[in-house]
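Report on the structure given below.
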Amino acid sequence: MTKITISDYSIEKVLEYSENRDPDQPEFQQAVREVMNSVIPFVNENEKYQFPGLIERLIEPERAIMFRVPWEDDQGNYQVNRGFRVQFNSALGPYKGGLRFNPHVNLGVIKFLAFEQIFKNSLTGLPLGGGKGGSDFNPRGKSEAEIMRFCQSFMNELYRYISGDMDVPAGDIGVGEREVGFLFGQYKRLTAQFTGVLTGKGLAYGGSKLRPQATGYGLLYFVREMLKHTSASIEGKTVVISGSGNVALFACEKAIDLGAKVIALSDSDGFIYDKNGINEEKLEYLMELKIERRGRIKEYADEFYCEFHKGKPWELPCDIALPCATQNEIEEHDALHLIKNEVTCVAEGANMPCTDKAMKLLYRSGINYAPGKASNAGGVAVSGLEMTQNAKRLSWSIESVDKNLVEIMRTIHEKCLEYGQESSGVDYLNGANIAGFIKVADAMIAQGHV
Ligand code: NDP
């Protein structure tokens, strides 16, 4: 096994070390590469961070739990899925990060998400470590009873490893308020404790106001800061959004609220192109369609007589592109379309939605590009506020949570400027990575070689 010594902290050495350890985890290696490209040059310029073993510890999870999830479907067949919880870094606080239920989930995907979460959580300024979990369970087409049985079985194992002071999961792809409710119910049943062990809970039993909206709203608050920095405004801009889940729909709502025109949304079947723009009434239909009924986005095109296409929406001309579906959804050719159409801002609602090559292309062409760990941090930030409200047994008003969210996104933007301002513009990726790293590294150094 290659060893890294402080004298040769080079990006190549660190990536070689990481790839040799987990060659079969491409998404995790991509996330490591993305962070190390910013962090290693910074470490080489700052002696304080040339601390033995720091980088090796940073890219090694404190704990990775894998478990069997047996459950019974409605036909009485026995099914077995695989569950994961990666507790990556607790230097800043209890592990915090969502649960993803999606057939593409494997250990490498959960490790990439947990790794990203460390820096994102650090940027929020809240005392949150980084973790993530999930299962290769596919919720699509499952009945509510099947979802409940699966969630209960998942929690039958996970409950041993989580608690309000140890690890506080939330939702992610395939896990919304309904699933969090089933998971919370089973945790309470197993432990006989009513604690804030999950966030994203329903309002009736300890959830925070504005948690469902937080990632999407936070994304738009961040975009507003980016535009303000170049003396521009969201008003009147044309926006294309991918996805039509939690993040995408609330990003759409806030974009409309701020005066933008949203012309596209998508799901895994394709995208709708509504030339006239999605208005409040159409958005209400979409919320019912995608959140309540769990239908397909194509139904929107049938209802409002607009275009539906297979594939991704990145060929549509727009000013602002907001990828809010999944990882690596903007590839090189998609980035080329965005550049050709003179998009001015790409901000990530999803985690790692741009491939390495796409990101480099966007950056080189001078497009204002924001990485998810900065621009989608609003969700975990309000989860952090939910933990505080639960600990105090209080419930804050929408206005109060929204004010906090606006301020947190503004502060994250400032941190990106502090470490990412260059003569040619702002390198938000460097800014977010370095600002996120500094706080975690300081805490890790102070806590010793653990
Ligand atoms: P949801 O499950 O609510 O929605 C996901 C959306 O993306 C759905 O419209 C889904 O389509 C679509 N999608 C999923 N996989 C693919 C794919 N392979 N190709 C095309 N479309 C796809 O998830 P969220 O909105 O919660 O999460 C979206 C992204 O945002 C993820 O990357 C997540 O990690 C990230 N994120 C989420 C946060 C949150 O608070 N929820 C916080 C920060 C980041 P379909 O309906 O067909 O399944």
Side-chain angles (χ1 to χ4, degrees), residues 27 31 96-105 109-110 112-117 119-121 123-124 130 132-134 137-142 169-180 198-200 207-208 210-219 222 241-252 264-272 286-287 289-300 310-314 322-331 334 347-354 370-384 386 405 409:
E27 293 88 356
K96 183 89 197 84
L99 298 171
R100 176 176 291 193
F101 292 169
N102 182 274
H104 301 296
V105 160
V109 167
I110 298 297
F112 119 64
L113 290 163
F115 184 68
E116 285 279 295
Q117 199 80 44
F119 306 94
K120 182 190 311 196
N121 293 1
L123 284 169
T124 65
K132 200 87 185 187
F137 172 74
N138 187 359
R140 194 164 162 182
K142 302 290 189 301
D172 190 78
I173 292 181
V175 179
E177 191 178 314
R178 175 181 68 172
E179 291 73 18
V180 169
L198 286 144
T199 58
S208 174
L210 220 73
R211 176 59 188 91
Q213 295 88 340
T215 310
Y217 280 20
L219 174 63
F222 193 87
I241 302 177
S242 65
S244 49
N246 172 274
V247 179
L249 291 177
F250 288 109
C252 179
L265 281 165
S266 70
D267 65 16
S268 47
D269 290 344
F271 65 93
I272 51 117
L286 272 168
M287 294 272 185
L289 170 71
K290 293 302 290 189
I291 297 182
E292 303 301 322
R293 218 151 33 84
R294 292 163 201 260
R296 311 307 304 153
I297 195 88
K298 186 178 180 311
E299 294 172 47
Y300 174 99
K310 290 210 172 300
K312 301 183 277 185
W314 309 124
L322 305 175
C324 296
T326 192
Q327 64 267 16
N328 291 330
E329 54 169 313
I330 297 190
E331 298 172 81
D334 301 313
E348 299 181 343
N351 286 309
M352 214 168 72
C354 296
K373 61 173 76 68
S375 50
N376 73 29
V380 74
V382 172
S383 274
E386 183 173 330
L405 176 61
M409 299 314 292

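Note that ligands are numbered from 1 as they come in the structure, with each ligand's atoms numbered from 1 the same way.
- Counting atoms of ligand 1 from 1 in the listed order, those under 4.0 Å from a heavy atom of A350 are 29 (C), 30 (O), 32 (O), 35 (C).
- The shortest contact between atom 33 (C) of ligand 1 and any protein heavy atom is with D172 OD1, 3.1 Å.
- For atom 48 (O) of ligand 1, the closest non-hydrogen atom on the protein side is S268 OG, 3.9 Å.
- Taking CZ of F250 as the start and CD of Q213 as the end, the distance is 4.5 Å to the nearest 0.5 Å.
- Counting only heavy atoms of the protein, atom 29 (C) of ligand 1 lies nearest to A325 O, 3.3 Å.
- Summary of contacts: the protein heavy atom closest to atom 32 (O) of ligand 1 is N351 N, 3.2 Å.
- Ligand 1 places these atoms under 4.0 Å from at least one heavy atom of N376: 43 (C), 44 (C).
- Between G379 and ligand 1, no pair of N/O atoms sits closer than 3.5 Å.
- Applying side-chain contact (heavy atoms from CB on, under 4.5 Å) to I173 and the options L113, T326, N351 leaves one that passes, T326.
- We find the NZ-CZ distance between K310 and F271 to be 11.5 Å, quoted to the nearest 0.5 Å.
- Ligand 1 has at least one atom lying under 4.0 Å from a heavy atom of R296.
- Looking at C324 against ligand 1, only its backbone comes within 4.0 Å, counting heavy atoms.
- Interface atoms of ligand 1 facing R211, defined by a heavy-atom separation under 4.0 Å, are 40 (O).
- Nearest non-hydrogen protein atom to atom 2 (O) of ligand 1 is G174 N, 2.9 Å.
- Looking at ligand 1, you'll find an N or O of S244 within less than 3.5 Å of one of its N or O atoms.
- The heavy atom nearest to atom 43 (C) of ligand 1, considering only I173, T199, T215, V109, is found in T215.
- Between K298 and D269, no side-chain nitrogen of the basic residue sits less than 4.0 Å from a carboxylate oxygen of the acidic one, so the salt-bridge criterion is not met.
- Cation-pi contact between K373 and F115: absent, since separation from the ring centre below 6.0 Å together with deviation from the ring axis within 45° is not met.
- Closest to atom 37 (C) of ligand 1 among all protein heavy atoms lies V247 CG2, 3.4 Å.
- Side-chain N or O atoms of D267 include one that pairs as donor or acceptor with a backbone N or O of I297 at under 3.5 Å.
- Annotation: atom 3 (O) of ligand 1 to nearest protein heavy atom, N246 N, 2.9 Å.
- Under the 4.0 Å criterion applied to side-chain N and carboxylate O atoms, K312 and E331 are assigned as salt-bridge partners.
- When each atom of ligand 1 is checked for a heavy atom of R100 under 4.0 Å away, the hits are 31 (C), 32 (O), 33 (C), 34 (O).
- Going from atom CZ of R294 over to atom NZ of K142 covers 13.0 Å, rounded to the nearest 0.5 Å.
- When each of S266, P323, C324, P313 is checked for a side-chain contact (heavy atoms from CB on, under 4.5 Å) with I241, only C324 meets the rule.
- Interatomic distance, L286 CG to S244 OG, rounded to the nearest 0.5 Å: 7.0 Å.
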>> Is there a side-chain hydrogen bond (donor to acceptor under 3.5 Å, both in side chains) between E348 and S375? Walk through the geometry before answering.
In response: CA-CA 6 Å; E348 299 181 343; S375 50; 5.7 Å; no

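- The protein non-hydrogen atom at the shortest distance from atom 4 (O) of ligand 1 is G245 CA, 3.2 Å.
- Salt bridge present: E299 and R293 bring a charged side-chain N and a carboxylate O closer than 4.0 Å.
- Among V382, I291, T326, L265, the residue whose heavy atom lies nearest to atom 14 (C) of ligand 1 is T326.
- For S383 and R211, the side-chain atoms include at least one donor-acceptor pair closer than 3.5 Å.
- Close approach of ligand 1 to G349 is summarised as follows: ligand atoms under 4.0 Å from at least one heavy atom of the residue are 30 (O), 35 (C), 36 (N), 44 (C).
- Atoms of ligand 1 found under 4.0 Å from any heavy atom of K290 (numbered from 1 in listed order, with element): 46 (O).
- The shell of residues lying under 4.0 angstrom from ligand 1, judged by heavy atoms, excludes H104.
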